[in-house]
Each structure stands twice: as structure tokens, then as C-alpha cells.
Amino acid sequence: MSNYHESVECRTGDPLAGSRFPATTSDQRATVRAVVQIEGRVQGVGFRPFLYQLAGQHGLRGTVRNCATGVDLQIEGPRQAVESFLADIPRRRPPAAAVTAIRHRWAEPAGYPAFVIGQSDPEGHRSALIAPDLAVCDDCLQELFDPSDRRYRYPFINCTNCGPRFSIIADVPYDRAATTMSRFAMCAACRAEYEDPADRRFHAEPNACSACGPQVWLVEGPGNGPTPPPTTPLSAAGKAAGNALPHQGAGWATPGREEGIDAAAAWLQRGGIVAVKGLGGFHLACDAANAQAVETLRQRKHREEKPFALMVPDLETARQFCHLEAGAAQLLSSRQRPITLLPRRHDAPVADAVAPGNPWLGLLLPYTPLHYLLFISPTGQQRFRALVMTSGNLSDEPIAIDNREACQRLASVADAFLLHDREILVRTDDSVVLYEAENQKTALPEKAPIPSPSCSMIRRSRGYVPTPIFLQRDVGNVLAVGGHLKNTIAVARGKSVFLSQHIGDLHDLAARTSLAQSVQHLCQILGVRPQLVAHDLHPDYPSTRFATQMEGCQTVAVQHHHAHVAACMAEHGLDGPVIGIALDGSGYGTDGTVWGGEILIADYGQFQRVAHLRELPLPGNEQAIRQPWRMALCYLDATFGDDLWDLPIPFVRQLDRPVAELLLRAARGRIHSPLTSSCGRLFDAVAALLGIRHTVHHEGQAALELELAMEAEDPGHGSFPDRGDLIAVADDPPHHAQASPDTSPGPVCRSFTLDATPLIRALVDDIQARRPLARISRRFHQALVQSLAVAASRVADQTGLNQVVLSGGCFQNRYLVKELTAAIQQRGLFVFRHRLVPPSDGGLALGQILVAAAGAAAGAGDRPGLLTNCPARGGKSVPGKEDAAI
Amino acid sequence: MFEWLVSTTWQDALFIPAAALPAGKAAILPPSKDRLAQNDPTWVLAPPAMRSKEIQLGHGSGGRLTAELMQRVFLPAYSNPLLAILNDQAVFSLDGGRLAFTTDTFVVKPLFFPGGDIGKLAVNGTVNDLAMGGARPRYLSASFVLEEGLPIDELKRVVASMAEAAGQAEVEIVTGDTKVVERGHGDGIYINTAGVGVVEHACCLSANQAQAGDTIIVSGPLGDHGMAVMARREGLEFDAPIESDTQPLHDLVATMLAAVDGLRCLRDPTRGGLATTLNEIAESSGVGMVLDERAIPVRPAVAGLCELLGLDPFYVPCEGRLVAIVRASDTDAVLEAMRAHPRGEQAIAIGQVVADHPSTVVMKTCVGGTRIVDVLSGEQLPRIC
């Protein structure tokens, strides 16, 4: 397993450090009592049974209970035994546990007769770490397929080492009563396990069996038909779930339990689409080998081209689809079970429509018992090689989590619904990570606290949330509400930042409701009442509105790219100032223009915009983001002016001339064409110019295809010399407001502009010379990398700074991140990139926390990077004075 | 008490009296400034958009900034129950009769555009504001701010157009005023009109009357006026020009009032378009709204230019359309009456008032999503990446 998933353990200190021994206990055999507090992820992971057994092994007595900070332990016996017991705790902790602090003091022996597990204490500071949802463990799998086991093929089998956690927890301390399992009363057999400290299910809060626990059942209906009525399982009709009604509609078959799973599998085998309720939400499933089923799913879901994820039953099968290195196999089978993007085998047995034209596939292994039961029939047969498991939604709205809601929303998509009555409290999408081959590992300087793993985050959600990101500094209680697309929020408590699950795109009603709920839920389970709320500078982000309408909080607006850079700094524990390269699609700038290709000098409190891509109009606003051909037109206009119409290249010939001329008139006249320095738009423009894509269906599509174009065959093997000068560097005029010394966090640097028009000219030459697409794409990438490296070292030379931070959605581009890292390192600088959180807006909230906290800590007026107002659009803003009042 | 309004240093403008904020909408902070800290806990930090000391163009967009200007500047100063409803007109009783009273100022570039001119706009705008209160418009005033150098012929054209429009709208222009400003201090002509009308029925049409279950109706295609003016001003015309929809709606309203008694609210979606108008009604009535994207009528030429410019037609102003909130049981009757009238032939139901998500307007999109129709601060700026 790549170690960064468990970064929690990195901070485990010596449990005995700093303890004070009373003079009277120098006799190693004398009976002593230690009063111990253990903090970290120690609830819901089998920690108390572990202590019970450990105490037994050491022959000690005492008591333990869950409290809001973790566990309280009293341990009594010979001093030597107590000491070795304490030393064993972090060493031998259960697999899913993480210990962040052990504190103890000595006290007079209390005369405990045995070791007992006490009642939970709900009071006190809530610093216990809640576990993320965990994939079913090997022990439980063994039992699941053991015909003699009482939970043979029971789809909700779990134990203290695995099963649902974050998605079902309403409050801390983590007890069954505070979860959605509270309405299932345990049968005698389950209760016996639950109360037996020697059992693997001792205080396994979601513990259940087929006699007393949640049930699964199937609701069938014709696709595109009427809304199927939600029903309860036949076997559990008496205990109707809050989200399922006991009525049964005419014509709807409702097989329960095992029959339900088999009937669902039969639907899938027939090419049907089944909505499957999972751990953190619904999936839409179909047989990945059935081309017609996959096509139908695409049509019904209104998802034209975005790749689908595939669930495969085991690593062996995964190898039939993708090239799997040892690191990738580890990642796939980790407890987090993320969707892992892997290089696809050319002979992968999968329908074309799964990931059209994409040389990568997103694989994941089953992570709930239910998934395994879908794959493995009662006779032990493997039913599918792979299932498409895509999010249970239409288009890009949030995934369904509730039975009734799913049956309504997905009625036009699914032929059948595999439901269960364990309620999902928190919507948690599958996480997505990008595997990077072992030899592509980036060497980090020794100072970096977190060793380099072999993957980067695309979407951090199920399995990772709510594991905190640890900071070097205490930031107090802060809430950050994130960006607009792929929103996540974050709550800071002291030195920990808890990023939320993926909330989604905030133009959607369900996502916006989910934003409010997530803020409430995360603050609740963390016991945080935020004093400070950070939001983006964009006045029309719904997250901005949400923040400014919160009561009793101070709000802080954080510039988008400053937040990106701060997020990456925080991950690596950097204090800055650093050179931050923030490349993405768009973010609201302090001057009211749209930023996105930025080099900043930044610390947490403030930043200087030292360089950016040349500003061009974004013709037709968001429409230009959906239609990359518009940016290509603007780049051609900036490069060739009116001569562009005579360029003998396919792009120009294919233009609808009257429309294009009208658009150009709007662009030149700045009519609904705000200026942008976006790097994402440069990728768009080049992709359109090369004929790769004129319109996009999902975010970053053109840029991704431009990157993938490099991987195509290039018969000529020709390459261009690395030329950094294809993107011209021009100093800004000396009076340029952005170089104002009093807004700079560190050494002042003359600001400059990166102009890509020479590169566009070179690319047009290449197109005219009919050079292979792969080579032209590579040339573009090389030129971008070289010029950014040149720019970074220019800033470094002027300022003496040597740490370069890479952030923003463009750094999901594998080539860019790898080559730019190398190119900058070659110039003797240290490079830091995202590891724990996505480089895209999914990680934005982390940076917002740090910037807001730094501004609040700095107090009045002298930290001008902190913006507390939205400047007038179009006017230059020199932020500063307004902070004095806060 | 409202010192911040006239304060010259803008740090002072950061703080406003708590009473000037809408209920539950602001963060209360201990003011750190000495003057404010003197035992006056009611001063609060103004929301970000209010902290600028200067008027921005966005304050005139009809969007969020305009609303904030109303809430923080005008309402506290002119505090009275008639104004507080924030309808397009005030309806009150005077000597036994119910009257409607309104005023509007017209600033448009260019002065002449396909389908109309600033004069026609100035009459129809005020006539429609009266009509939306259920009144029969009677008398108008007309005040002109003229720029030095304006050709008198242009003024004559505008005045003639106003006279014609007044005839169509069955009103008389009975008083007026003229001022001239220096060259460069105006765009040729600015016109202010005020109007008085008579309310001859017992209906109470107001933005706070919408109820869950009601139907939302528009009288015709949206966005024609805004796009006609923009296309002419920016030289973005091709094919046949888009014509402004400016027209008087008083007789259409009279027809609707005669047909049913379940009208709750009428609005003409001018500045900020349909989206902003519906948000105002939703907020005022404390209800939610669900629109059906496919049902909302937009002419192909308007949709095409909007697509080109990346504008959402639901935010583009109309000058001759109305939005009606109607009791559900009266939907068919009112639609029938509207469609029988030449100015409402293309009337159509576009959505429903709901009890869910109060103050929020959502749209069922063509792909089955539920998109929120926001009020924007001012000009649209990209939010996607």
C-alpha cells in the first residue's frame, strides 16, 4: 500500500515521551495505575477489543471507554508490564487504526478486579478521528463464501476491521446509536459477538446478520418506464425503513435477499441496466462486455463520451484489462479501493463504448460484500469479467443515495433496482486516482514530510474521507466552502484539516443542498463551530453566497489561484514564500479578469502575481469553455490578425465564416468576452487548431485528448529541439499595479507576461507541413514546459526563492507534471506537487483554509494578500487598506 | 444613524447598521473600529459586495447588486410600507379610488433600434409597470435630459414616437420637463416618465402573493428586446434583424383580469430578465419554483445570438412580455384568454410554484438535471473551469 493513505501514522510520537514518573514507582514490580488518553482514529476500528486483548496478554487490569477525543484508558499492574503495554499500543494497533497521540499520567492503584470495557462518554472536545468507509476484509470474505458460516452470502457482513463508517455516522462518539444502523436491533448471536471482547466483532457498530440486519431486494421495472414504487424486502416487511414504503405496486416483482442479488445478476447477464445501492450511493451497472448494454446506458444517462469505470472481481481479471505493476495492484486492492486509472491493454475484453478512444481504463475492485455476491454465483461461478459501475445519476448531478429518490431519478435509466435498507447518511462517491508508473516517481527533496507515492488524486472521496491532512501550524476553527465545480468543503480543527467528500457541481440543486448538509455534518462530527469562513473571490459562486449568508462568522474571500498554491504548500508543510505555478481553466482574479495561467510568489497570507499568460478575450464567456474552437480563433486572431482567414489549414477552412466573423467582432469589442490568462484555454485552443476537438462534453476533455494524442504512433520519430522561446517572455511596464511592492509576500520580482502566439505560429507551420499529430502535440507540450521552467527560474533568480509549487487542474496532465517537474529540478529548484488532494478544484478548500487563517492571524492591514471584499469588476484593485477594519 | 452613506473614508462604509441588513443574512462581528465599538453592538460588517465605496455598473444590472442597493440605501432612508413591497408600482387609495403610481428612467444605446426607440420604450415601460399592478394607465409625465449637440430632428422623431405610443396605450402625456447637459455628459437623450393609473377591481396583484401549486405563465418569447438592442449597438446583426418586443400590455392585462380571479402576481421581466423576476417573486413570497427548460419560448434568432455570445436568454430583458403567477385551477382559462389577444398569442405555462426549496428557482433541464437559476451580481462571468 502506498504509505500516504495512512499519513496519520507518520506523526505518531513516542508514547512515553514527556511522561512524569513519580519517584515512588521506581520499583519495576510495584503495582501502578496509568491514566491514558489515546487520540487518533481509534473508534470503530476495533481499538477497545485490541486493548482488552493486549491487557490480557500483559496480565493487566483496568478499564477503557470511547470518549469524544478518542479513548480513555485506565491500566493497572506491575509497572514494567504497564510500560511495555503502552509501548505496544502504537506498534500493534489494529490495521484500520491510527494513533496521533498517547498521553498518560501515573496515579494510585484503584484496585480493578479485571479489564472491563465501559460506557462511552459523549462529552468533551470532539477530537476522535472518524474512520473512512473500509472495503470488506479478508476474514469477512472468507466467511461470506463459507457455506457453514451463519453469514454465508449475507451482503452486509462486516467487522471492526472493515465495513461502513463515515457514510453512516451522524455524530460522535462512534456508537451504533449514532449511526443509521441504530434501527436494527441485534439478534442474540450478533449481540454475543458484539459484547465478547475476544471477538472480531466486539463493538463492531454495524454488526448484523441475515436474521437481524439490513436486507437487500430487487425492484424490477422496464427501462424508460413509469417510476417503480420503492418497497421493503419481503423478509423484512415489518420494519419499514424510513426511506422505503411497504406498499407494492402492481407488476413489480420484489424478490428478496439472495434471490434479489441473483435476479439482479440475471438482468445484467441479459444486457440490462441495474441501479445498485452501494456504500456511499447508487451505481448504475451493466455488463462491460455487452456493447449494446453499454451504449444503452450512455444514451439513457445522457453521458456522451466521459469514460465509465469498470469493476473487476480480482487482480487476476484486472490484468486482462490493464497493464498492472505491483504498485498499481497494491493501490487497486488497498482498503480505500479507489477507481484507479491504468494503461489499457490493447486486447482488453471490453466494449468500445466504455471508454471511447481512451488508452486508459478506470478499474476498481469490489469493496462491499454485495459487489462480491454479484460477481460470484451461489455455485461459485464468476458471472462477469467486468461490470460497468458508473455513478447513479443523470448526467453530472449528485449520485442518488436514497431508495425512493433513486427509483424516481433513475427510472428512465435502470431496468431494475437492487435496493437495501441500510440508510446512507453521507453521499460518498468513489474516489479516483491516477496511477503513475514506478519509474515516473518524482524525487522530492528530503525536507518533504511525505514520501512520494505512485499515484495522484483525481477525486478524493470514499475511503479517504474523513482522514485529515495534517498541518505544521495550528489554524484554529475554520470552514472553507471550496469552488464551484467538483466542490469539496473543508473544516480545520487545530492542526488538522478535514476535506469533505466530493460534493459536486454547485449549479445543481441537489449538490447545493448537499453543500449545506455537508457543512453541518462535518462541523457536527468534528465538534467545530467555525469562527472564520473562507470562500472564493468569485462573487457569483454559490459557495461564496453560502459563506456570506452564514450567521455569526467572519468571512474571507480567497483568490482562486492563491488557494491552489496554498493547498499544495500545506500538503508539504511549506511556509513560503514559494514560487507557485497555478494552471487551470478559470478563476476570478483580483482585477476582475479571468485568471488561469499564473505564476505567483506566495505565502499563506499574501501573494504577488508575478507572471501570467497573455490575456486574450474569452468570446462568449462560458460558451468558449464548451466550444474550444472559439479560443483557437482568438489565438489565431492574436497571432495573425486578419491574415488568419488566408491560412491554408483545415481549422480555418472548416470555420463557418459569418459566425466566426461575428464572434471575432464580439471578442475584439469585448462584448461578453472577458479577458482571460487561462492555461486551460490555451490547451483548448491548440486541441481545436489541431482538429482534435471543436466542442467538449465534459471538463478538460479537449486538453486530455491533446495529451493522449502524444501517445499515438509517430512514424517519423522526429522530435523538435526543446525551445523555451516559443512562448515569449515580455516584462510588464514598470508601473504595473500587480508588481506593487507592498502586496508582495517576499522579495519583489518584476512581473512579466508569457505570450504563446509565437508557439501558435509554429504549430500552424507544423499543421501546414502535415507533420504527425503526435509530434505536434508533443511540441506544444515541450514548449509549454520549457517556457514555464524558464519563467520559474527567472523568478528564482530575481528573488532567491528555490521552492516551486505546482497546482491547478492542468496538472492532471501526466506529461506536464512529470516533464515540468524534471525541467525545473534541472535548474536546481525544488518542486512540490499535490499528493494528498487533487490538484484541481477538489483540493481548493484546503488552500482557502490556510489563507484565511493566515490573514486572521496577521490581523490588521499588513497582510494584503487577504481580500475581504470583491473589487469592482474591470478596475484594478490594490487590496490592502480594507483589511484594517477586520 | 446612517452616517456610512455619506462617509468619505470607505473603512467606515465597511460597517452598516444591523437594521439595514435583510433578516438572517449577515455576519455580525464585533466592530474593531473605535468609533463603532463605542457601545453600539448593532453595527455589522457589510456583505462583501456592499463594501465598495463606489457605484459599479452592476448596481444597475437589476441583479443582486441592484437589490442590495435597494435594501441598504433606499429602503432604510425612505422607509414606508408601500415602498417596502418592492413592486414595480405603488397601489394606494386616494379619496375613495384605488390608484397605481410608478416612474422609470430610460437609458439606451442606440436611441433607435429595430422594433422601437427610446421614446416608445419610455411610454410602454411606464404603461406596463402600471398594468402589472392591475391598473388602467391614464396619465404620464415625460422629462428629458438632452445632450448638447443632439440633432433636433432626432428629438422630433423620439417625441413623435412617444405620441404614437401614448395613443396606442390610451394614455395622455400631461406634464413634463427638459434639461440640457454639456456635450459628452449624456448619450443624446435620457427620458424619465412617471405614470398614474386607476385600479378598477378588487384584485391584489403583488410579488408576495405566489403560493405553492400556482402556475407560472409567460405571454410570449423571451429576450427579443435585449438582443435587438445589443445586436444593433455592437454591429452583431446577420440575416434578418431581431426586433424589440416593446409594446403596451395594459389591454392584455385587462383581458386576463376579466377572465379569471385567480391572478396572484404580474411582472414584466425587464432588467435581469425572466430569471431575476422569478427570483424576486420567489423570495418575496417565500416559495420555490420549478421551470421546464423545454417549455420556455425563445425565438431561434434570439437563441442563436445568445448562444454565440454565451448569454442565457432567461436573463435578457423584455419590454413587451409579462410573467403571470396564476392559481392552478385558472391556468387553462387564463391561457385561453391570453391566446385570444394579439399581444398574448404565444402565451404558455413554463413551470410551477412549489413549497420546496423556498426562495430558489430551479429548472428541469433537457438532460433531466435540476439546475438552479441564480440571481447574478451583474454581468455573467464564467464559473465553470
Side-chain angles (χ1 to χ4, degrees), chain A residues 302 394-397 409 412 484-485 507-510 512-513 538-542 548-555 557 584-586 588 594 618-625 658-659 662-663 665-666 669 671-672 674 680 699-700 809 840-841 860 868-873 881-882 884-886, chain B residues 10-12 14-15 24-29 31-33 36 45-52 54 56-58 63-65 230 233-239 304-311 356-357 360 362 365-372 374-385:
Chain A
H302 298 285
L394 283 171
S395 200
D396 283 330
E397 59 182 1
R409 275 170 56 190
S412 59
H484 184 61
L485 295 187
H507 49 242
D508 189 273
L509 178 64
R512 224 178 280 187
T513 310
H538 197 306
D540 282 334
Y541 276 0
T548 51
Q549 290 178 5
M550 281 188 74
E551 288 183 61
C553 304
Q554 182 180 344
T555 57
D584 67 0
S586 46
Y588 192 86
V594 183
L618 183 67
N621 228 321
E622 288 187 2
Q623 208 62 16
I625 300 170
V659 172
L662 212 57
L663 189 73
R665 198 177 311 153
I671 301 150
H672 290 275
E699 194 190 341
S840 65
D841 287 4
T868 54
N869 76 320
C870 300
R873 184 165 297 146
K881 297 291 184 276
E882 55 267 42
I886 294 187
Chain B
W10 85 286
Q11 281 92 339
D12 292 343
L14 279 172
F15 291 93
K25 287 258 167 126
I28 294 186
L29 273 185
S32 59
K33 288 187 64 70
L36 300 175
L45 189 71
M50 279 303 289
R51 284 179 226 158
S52 169
E54 288 174 351
Q56 307 162 27
L57 275 175
R64 194 163 291 270
L65 287 177
M230 173 178 288
R233 180 176 65 227
E234 312 294 356
L236 296 177
E237 290 168 311
F238 66 127
D239 302 337
L305 189 55
C306 280
E307 196 273 343
L308 186 81
L309 294 177
L311 284 168
D356 293 342
H357 48 81
T360 306
V362 303
T365 64
C366 300
V367 294
T370 307
R371 178 178 272 268
I372 295 188
D374 275 313
V375 182
L376 302 179
S377 308
E379 193 192 340
Q380 298 171 31
L381 261 195
R383 297 188 289 182
I384 61 177
C385 297

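Each chain gets a letter, A, B and so on, in the order the sequences are listed, and its residues count up from 1.
- Heavy-atom minimum distance, A:Leu509 versus B:Thr360: CD1-CG2, 4.4 Å.
- Checked against salt bridge (Lys or Arg N to Asp or Glu O under 4.0 Å), A:Arg512 has the following partners two or more places apart in sequence or in another chain: B:Asp374.
- The structure places OG1 of A:Thr513 at 6.5 Å from CD1 of B:Ile372, a figure rounded to the nearest 0.5 Å.
- Shown here for A:Ile671 and B:Met230, the closest heavy-atom pair between the two residues is CG2-SD, 4.3 Å.
- By the 4.5 Å heavy-atom criterion applied to side chains, B:Leu236 and A:Arg665 are counted as neighbours.
- When all heavy atoms of B:Leu309 and A:His672 are compared, the closest pair comes out as O-CB, 3.5 Å.
- For A:Leu394, the part lying near chain B is the side chain, with the backbone staying farther off; criterion is any non-hydrogen pair under 4.5 Å.
- Contacts of A:His507 classified as ring pair (Phe, Tyr, Trp, His ring centres under 6.0 Å), with partners at least two apart in sequence or in another chain: A:His484.
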